[in-house]
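Below, each value reflects all heavy atoms present in this structure, side chains not excepted, and no hydrogens, waters or symmetry copies. The structure displayed is predicted, hence computed values, not measured ones.
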There are 2 protein chains.
Amino acid sequence: MPKVTDEYRASRREEIAAAAMRAFHRKGFQATSMADIIAESGLSAGAIYGHFKSKNEIILEVSTKIIGARLGEVEELAAREPMPAPAQLVRVLMGGMLHDIGRPAMLVQVWGESMTDPLVHDLANRVMSRLRSVYTDYIVLWHERQNGLSPAAARALADEQVVLFLASAQGFIIQSALFDDFDSDAFLSSIEKYLPR
Amino acid sequence: MPKVTDEYRASRREEIAAAAMRAFHRKGFQATSMADIIAESGLSAGAIYGHFKSKNEIILEVSTKIIGARLGEVEELAAREPMPAPAQLVRVLMGGMLHDIGRPAMLVQVWGESMTDPLVHDLANRVMSRLRSVYTDYIVLWHERQNGLSPAAARALADEQVVLFLASAQGFIIQSALFDDFDSDAFLSSIEKYLPR
DNA sequence: GTCTATACCAGGATAGAC
DNA sequence: GTCTATCCTGGTATAGAC
């Protein structure tokens, strides 16, 4: 008996999350009000709050989906032969974000919110830590395969370098958000030219 | 007759801005409410709104002061002999922000806010553009002096590289905000090790 | 110019009927 | 489970007396 109900609940959550994602796509996380999500979903406030405890819980659900997609992409690239250089991952990550949430710049809102909201901070921290971990593994693999380093040496180098690659992705996002004349291609080719190989 | 009054007004504005800076130092720009600024200044709402049109105008005033200090520092370094490598500027910039506003991470709030508030966007855009311009000039000088490049070649290189240095500063800020275990020294030495010279 | 008191708004969340 | 209507909070800005 709980079976049908559980499935129903799950699909309802899914439906709401999808509507929220569309709304976020348009206006960003913070600027999207519950009213927007309600309108987009075609449901009512009561219905939504029956499935999600708060707006933050919706953001959490959607974010988890999005970051999951990114991590999958990175793993897919690690399996490719030859594997793209670590600097190339920035391009892939940004492309994926672009596809999922319109403008990667919208992440800046989440980061900003994480300054004051402990729950959002926790989410952002976990997401970024996970990305760092996956990215580090990728760099390790790269140095082993491409530069013939020992696992230990590769790991040490990767730990040191990963912050730079993360900073590049973060810089891309900030600059695309702030500079009206941001040149995405120029940025990416500069990254690929100057970051370690 | 307007003379005394103008001076009075200016010093009042100054006083309010200083109080606001102290409040911002504690809680960040967004999380600081007008009530906080009012309490910190020891004045009243009416008094403050007699000198500033809005909270955003206060933020603008304070931000302008802070960025002005940073730009001054960069120019000071450009005059030094021998001049520090461009990557070192990241350290200086972050140190200065730390001194002025406590945690550089607070800037993330401004960037986040700039996504939805056109006025803040405009401010952030101008500030970051100005920083980019000063930073570019610094790199040009560096390449001319240190690497013996022609002005034209130095300029071309600087335009290409400046986004990386900016990204490093931005990455520093984001990562210090998001990672509970952020290692400031490790980050800075990685920057100085791998970014172009 | 400055104060107190308050209007006013946005937005998240809930109550209670169905 | 879902709807409508509404409450409530936090926060900016203003009105009007002094």
Where the side chain of Ser33(A) is defined as all heavy atoms beyond and including C-beta, which of dT2(D), dG12(C), dT12(D) is the nearest nucleotide? dG12(C)
Side chain of Ala45(B) (C-beta onward), nearest among dA5(C), dG12(C), dT2(C): dA5(C)
Which atom of Gln30(B) lies closest to which atom of Val110(B), heavy atoms considered: NE2-CA, 4.2 Å
Out of dT2(D), dG1(D), dT12(D), which nucleotide sits closest to the side chain of Met34(B)? dT12(D)
Rounded to the Å, how far apart are Gln30(A) CD and dG11(C) C1'? 13 Å
Rounded off to whole Å, could you give me the CZ-to-P distance for the Phe52(B) and dT2(C) pair? 12 Å
Glu113(B) CD to dG11(D) P: how many Å, rounded? 13 Å
Looking at dG1(D), dG1(C), dC3(C), which one has an atom nearest to any side-chain atom of His51(B)? dG1(C)
Rounded to whole angstrom units, what separation is found between the CD1 atom of Ile38(A) and the C1' atom of dT6(D)? 13 Å
With no hydrogens and no angle check, is any side-chain donor or acceptor of Ser190(B) less than 3.5 Å from a backbone partner on Ala186(B)? no
By nearest atom, which of the nucleotides dA13(C), dG1(D), dT2(D) is closest to the Arg9(A) side chain? dG1(D)
Report which part of the nucleic acid Gly50(A) touches: base, sugar-phosphate, or nothing (heavy-atom distance under 4.0 Å, all strands). nothing
Among the nucleotides dA13(C), dT12(D), dT2(C), which one has an atom lying closest to any side-chain atom of Lys55(A)? dA13(C)
With the side chain of Ser44(B) defined as its heavy atoms from C-beta on, choose the nearest nucleotide among dG12(C), dT4(C), dG1(D). dT4(C)
Nearest to side-chain heavy atoms of Tyr49(A), which nucleotide of dA13(D), dT2(C), dA13(C): dA13(C)
Using atom CD1 of Ile48(B) as one end and atom P of dA13(D) as the other, report the distance to the nearest whole Å. 12 Å
Taking Ser114(A) for the side chain and Trp111(A) for the main chain, is one N or O donor matched with an acceptor at less than 3.5 Å? yes
Do any N or O atoms from the side chain of Asp36(A) and from the backbone of Ser33(A) form a donor-acceptor pair under 3.5 angstrom? yes
Let me know the distance between CD1 of Ile16(B) and C1' of dT2(C), rounded to the nearest Å. 11 Å
Say whether, by atom type as modelled, one donor and one acceptor occur between the side chain of Tyr135(A) and the main chain of Val163(A) under 3.5 angstrom. no
